[in-house]
Amino acid sequence: MSLSENMNLGETILDQYEKYLGEYAGADIYSDEEREIQLLGFPETIKNCLVLATFGVSKYDECEVILPVDDLYDECAEIFANSVFYALSNNIKIGRGVLIEGADNIVEGFSEKCGKTALYFTEAYPLPDEFAAVDSKCHIYMGFFVSKKEAEFIKVHGSEQFEDILEEKEADVIDLNRSSVIT
C-alpha cells in the first residue's frame, strides 16, 4: 500500500468512526519498539460508556478495533493497547475468536477489581454491519473483557459456542463488572 493510499485509508477510517461513533473527545498515543497507534475516545456513542477505538492498526494489519468500556477507562485502555501490540508482535491476526490473556500482567490487580482476565475479539455486533467494513482494505472488530472461566471455555469449546451462550444469557459484554456466563 502506498503512502497516499495509507493516508486515504486513515481518512476513511476516521470518517467511518465519526459517522457511527460521533466526535472523539481525545486521542492517546501508544507505542512499542516497532509500532505506534492511537486510541481515540468516543464518549457519546453508548450511554454511560466510553468507546475506545484504535487508529493506526491498519498500517500493520487489515483491521482496527473498538473497545466499549463502562468503568476503569485508563486501565482498560492500557490493557487494550498492549493486547493489540501483543497480537501484532506475535503475528496473531486480530479477528473474531482471538483471545489475549494476561490482563494482570499489564495492569496489576485488574482482575481483582472486575473479575476479568483477558480480552476477547469479535465482530462489532452492537453497531450496524456497515460500520465494520471500511473500503475493502480494513475491517473493524470489537473487543471485550472476559473472565478466566470464559477464557478457558473459549479455548476448549471455541468462539461460536461462547458467543451462543452470551446471546442466550443476554450478557451485557460492555458491563465490566458483569458476572461470568460460565460458572
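Along the sequence shown, residues are numbered consecutively beginning with 1. Given the structure is predicted, the values throughout are model-derived calculations rather than measurements.
Ionic pairing of Glu101 and Lys155 is present here: one or more N-O contacts between side-chain nitrogen and carboxylate oxygen are shorter than 4.0 angstrom.
A heavy-atom distance below 4.5 Å is not found between the side chains of Pro68 and Thr45. Inter-residue side-chain proximity for Tyr30 and Phe85 is flagged as met; some heavy-atom pair is nearer than 4.5 Å. Taking the side chain as every heavy atom from C-beta outward, Phe144 and Arg178 approach each other to under 4.5 Å. Inter-residue side-chain proximity for Ser83 and Ile106 is flagged as met; some heavy-atom pair is nearer than 4.5 Å. Considering only heavy atoms from C-beta on, Val181 comes within 4.5 Å of Glu150 through its side chain. No side-chain heavy atom of Glu64 sits under 4.5 Å from any side-chain heavy atom of Val134. Considering only heavy atoms from C-beta on, Leu39 comes within 4.5 Å of Thr54 through its side chain. The closest side-chain heavy-atom distance from Lys148 to Ser111 is not below 4.5 Å.
Asp70 places a side-chain N or O within donor-acceptor distance of the main-chain N or O of Leu176, the cut-off being under 3.5 Å. The closest donor-acceptor contact from the side chain of Ser31 to the backbone of Glu36 lies at 3.5 Å or more, if one exists at all. No side-chain donor-acceptor contact under 3.5 Å links Lys149 to the backbone of Ser147. In terms of modelled atom types and a separation under 3.5 Å, the side chain of Glu44 and the main chain of Ala25 share no donor-acceptor contact. The closest donor-acceptor contact from the side chain of Asn90 to the backbone of Tyr86 lies under 3.5 Å.
Close placement of the Phe110 and Phe145 rings is indicated, their centers lying within 6.0 Å of each other.
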Mind running ring pair (Phe, Tyr, Trp, His ring centres under 6.0 Å) on Phe131 and Tyr20 for me, showing each step along the way?
CA-CA 7 Å; Phe131 169 72; Tyr20 290 96; 5.6 Å; yes
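Checking each of Glu160, Glu123, His139 against Arg96 for a side chain to side chain donor-acceptor pair (under 3.5 Å) leaves exactly one that passes, namely Glu160.
Side-chain heavy atoms closer than 4.5 Å link hydrophobic residues (I, L, V, M, F, W, Y) into clusters, and following such links, even through other members, never connects Val51 to Leu119.
Between Tyr120 and Phe162, the angle of the ring planes goes over 60°, which puts this pair in the perpendicular group of the 30/60° scheme.
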